Structures are given as structure tokens and as C-alpha cells.
Amino acid sequence: MAAVVLQGSLHLSKQQLGASAAVVNIIHHASYSSEVRPIKKPALSQMRKGAGGRSSFNGVVATVFGATGFIGRYVCNELGKHGTQLILPYRGDNYEVGPLKLVGDLGQVLFHPFDLRDEESIRKAVKYSNVVINLIGRDWETKNFKFEDVNVHGARRLARISKEMGVEKFIHLSALNVTPKPVPKMLWNGSGVLRSKYYGEIAVREEFPDAVVLRPALTYGMEDRWLMQHCAMFRPNGKTFPLYKKGFGITKMPIYVNDVAAAIYEVIKNPDTAGRTYQLIGPHRYVLHDLMVWIMNEQRKGADENFRVTDLRFDPLQITKILLAEMLPGHPIHNLHREIMELEATTDVVDYSLPTVVDLGIKPSPMEENITWLLRPFKHRPYISPEVGDFDKVIPPKPVI
């Protein structure tokens, strides 16, 4: 009898153990599943929303292509601090997008590998998003990607797939001065960037008619590829700074990168922006020569009486440096190549029939408020205090009216 009780007890214990193991197994899979589990009620009105901040949810799920670029990092930070859930596609090394985890709280920022030519990976990246932002651009060509591959065909592919997947708003970053026939300056056929960006806008509008197109002017900020490039030792020639026509007759309207990011957030919030084109320009227009002298003075290099701006067209040393930088593997050293020289020599043309960043409710930040602290790491002889009087006070150039 005791044996029968013992056997029954053992059998019952095995059943209980099996049930416990099954429960543990279910809990294990529920807690650590790597599979996507769609919400039963995906309507945004059914989801909890906070009052704002990186730990809240504002109802926007945005896929940002080109998040690891200069403008992309600021856009992700701007969206993240307002409670936007972000899906950040990336190619190459996943460690490059790692720092972007910090733009939102745990679970707010997701990453997905993709390739611009792989439509299936793009579909997965935009599947759960109601906003898609295309910040991908190319300003130099490689053997794998030409201007048309990225700025035209890639933009068309993203817009078409976004439309097919039911995305509500598509935002495309273009460029100021886009034109089908750019005026040649340093290149025989003119700027390939401006030409391809022009046809990229047409491609996006064909696939996604309600897409919002943004045309930023020369964008500056920390770690940019314009202001920081001009401070690098490879760009000047000793005490001379070569510019096309010495920078005379060329005017620029630089815009701060934070204003570009804020403009994108305002476009997402405002439903009346659908199908419109916005020009993101700074508040002031400067002559390129005066702008460059100002930058050199902020670095305390302009205090040298021998410093001068020269004409790039008649500087064989600088032209040789540009050609050598293009032939080296990887991207051009210090972003020095003929296409950049072509863009730099192009005057900013504003079509005032189109809305600008001011129409989005944003007051653009003047360059005078930012350039001093941006160039602080590049100051010549930084140990000398300006109060001593060894350096003259830097006076910004007068804007062109």
C-alpha cells in the first residue's frame, strides 16, 4: 500500500513539475521574445500618451532614414525629446547608431538594418510608422552609389514604399538652389548634387503627392562638414584661404542645424503642411568673402597681417590638393572635392513665392549668436585672454540687404 501511495505521489509530482516547467517556459518566452508582437488595437487613439518628454508618447511613430548623418542626429534628438517613437534604419556597423539610443527612453528608439536597394528591408522599417523622414543624401560619388542612385532613385523608392505601406506623412530633405541646369563654375556640367536633388523632388512628388519637401540652405553646427572643414589644417594654404573669385559676388544664408530639426518637428505637428515646399534659410545674407574673413578672425588667424583670401581659380597648389583628396580611398579628406567647391561658389537663391522656416513659426537663430562658441576649440593661442587687448574684438560682417 505504501508503495502504491509513493508511486502515486511521484506521478503527481512529475505532473506538477511538468506544469511548472510549462508555466516557466511561457513566462520565459513572453519576457524575452525577439519576435515582433503587433498591438491588437493599433489605432493611436487607443494608446497611452504622456504630457511630453523622452519617456512619453506623443502619438507619432517616425522612421528616420539617414539618422546617423549630421542633420539626422539633431532631428532624432528633437523628435525624441517630444515623445516621438523612433525607428532608425542603418547600414554598415551597428555601433554607429548606438549613441542615438539616448534620444529616447527605454523602448522608444528601435534600430533596423537596411539597404537602400533592398525593398523588403525598407518595408520592414516603415511598416509600423505613420511618419517617414528621408534625410539620405550624397554630395560625392563612389563606385557603389552615384548621385542619381541616392538622390533620385533612392528617394523615389522610399516614397513609393511609404505610400504602399500606408504612411500618413513623408518628409523629404532636398537642398536650396536645386535646378535642372546648374550654372558651371568649377565643373563642366555644374553641380551634380543640385541637379540630382531637383529630379529627386520630382520623383518623390510622383510617388507621394502629399510629401513635404524641405530645402535647407548651407547648414552649420557642431561636427558639420562646412564650418569645421574650413577650420581644418588641410583646407587653407598656410596664411591664404582660396575661394572662388575670392568669395566676391557670392552670397550665403546659413541656417543653424537646430532650426532645421525644429522645422521638421513643426512639419510633423502641422497637418496643413502636406504637399508644400519649404525653404529653410537663415535670417541674414552674407557675402562669402566677408563670411570667411569673419571665420578666420574668430579663430584669431585674421589678426596676422599676412592673412589674405586668394582666388581659387589661380591657385595651382589648392587645385592639386583637391584632385589628390578625391583620388584617395574613402570619402575625400576634410570633405575637400570639386563638388563641394561648386556648391560653395553658388549663390543662395530664394523663391519668395514659397514658404520659409518663418512660416513654420520658427525664428531662425542668427549666426552671430553661435559662431563664437562653435569655433572656440579652433582658436589660435587660446591661452591668451581677449581682455588683455592682444586681439581686436571680432566684428561680424554686415548682412547684405
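The model shown is predicted, which means the values in this text are computed figures rather than measured ones.
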For [X] and [Y], indicate whether the former's side chain and the latter's backbone hold a donor-acceptor pair under 3.5 Å.
X    : Y    : result
N130 : V61  : yes
R156 : E206 : no
T273 : V267 : yes
R308 : K239 : no
T346 : E342 : yes
E168 : V131 : no
S191 : L194 : yes
T219 : A217 : yes
D348 : M253 : yes

For [X], I'd like to know if atom [atom1] has over 12 heavy atoms of other residues, nucleotides or ligands within 6.0 Å.
X    : atom1 : value
F114 : CZ    : yes
R91  : CZ    : no
K163 : NZ    : yes

For the residue pair [X] and [Y], establish whether any side-chain heavy-atom pair is separated by less than 4.5 Å.
X    : Y    : answer
F147 : R138 : yes
L374 : M222 : yes
K185 : Y244 : yes
M186 : E339 : no
I264 : E78  : no

About how many Å separate [atom2] of [Y] and [atom1] of [X], when rounded to the nearest 0.5 Å?
X    : Y    : atom1 : atom2 : answer
H337 : L343 : NE2   : CG    : 8.0 Å
T63  : K124 : OG1   : NZ    : 14.0 Å
H289 : L243 : NE2   : CG    : 7.5 Å

Show me the pairs that pass salt bridge (charged side-chain N to carboxylate O under 4.0 Å, His left out) and involve residues 139-151, at least two apart or across chains.
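Checked against salt bridge (charged side-chain N to carboxylate O under 4.0 Å, His left out) - neighbours excluded - the pairs reaching residues 139-151 are D139-R225.
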Applying salt bridge (charged side-chain N to carboxylate O under 4.0 Å, His left out) as the test, list every pair that has at least one member in residues 312-328; sequence neighbours left out.
D311-R313, E326-R338
For residues 98-111, please give each side-chain donor-acceptor pair under 3.5 Å, one per line with the distance, not counting sequence neighbours.
from, atom 1, to, atom 2, distance (Å)
D105, OD2, S55, OG, 2.5
Q108, OE1, Q85, NE2, 3.3
Q108, NE2, S56, O, 2.6

Heavy-atom nearest pair, R215 first then S174, reads CG-CB, 4.2 Å
Tell me whether the rings of [X] and [Y] are parallel (<30°), tilted (30 to 60°) or perpendicular (>60°).
X    : Y    : answer
H172 : F170 : parallel
H82  : Y265 : parallel
F241 : H230 : parallel

Is the shortest side-chain N to carboxylate O distance from R235 to E344 below 4.0 Å?
yes
Is any NZ, NE, NH1 or NH2 atom of the basic residue among E119 and R123 found under 4.0 Å from an Asp or Glu carboxylate oxygen of the other?
yes
Just do the side-chain contact (heavy atoms from CB on, under 4.5 Å) check on D259 and L280 with the steps written out, would you?
CA-CA 8 Å; D259 297 331; L280 309 184; over 6 Å; no
Under the ring-ring contact (aromatic ring centres under 6.0 Å, His included) test against Y220, which residue among Y256, Y286, W226 passes?
Y256
Using a distance-only test with no angle check, is there a side-chain donor-acceptor pair under 3.5 angstrom linking S365 and N258?
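No, because no side-chain N or O of S365 sits under 3.5 Å from a partner of the opposite role on N258.
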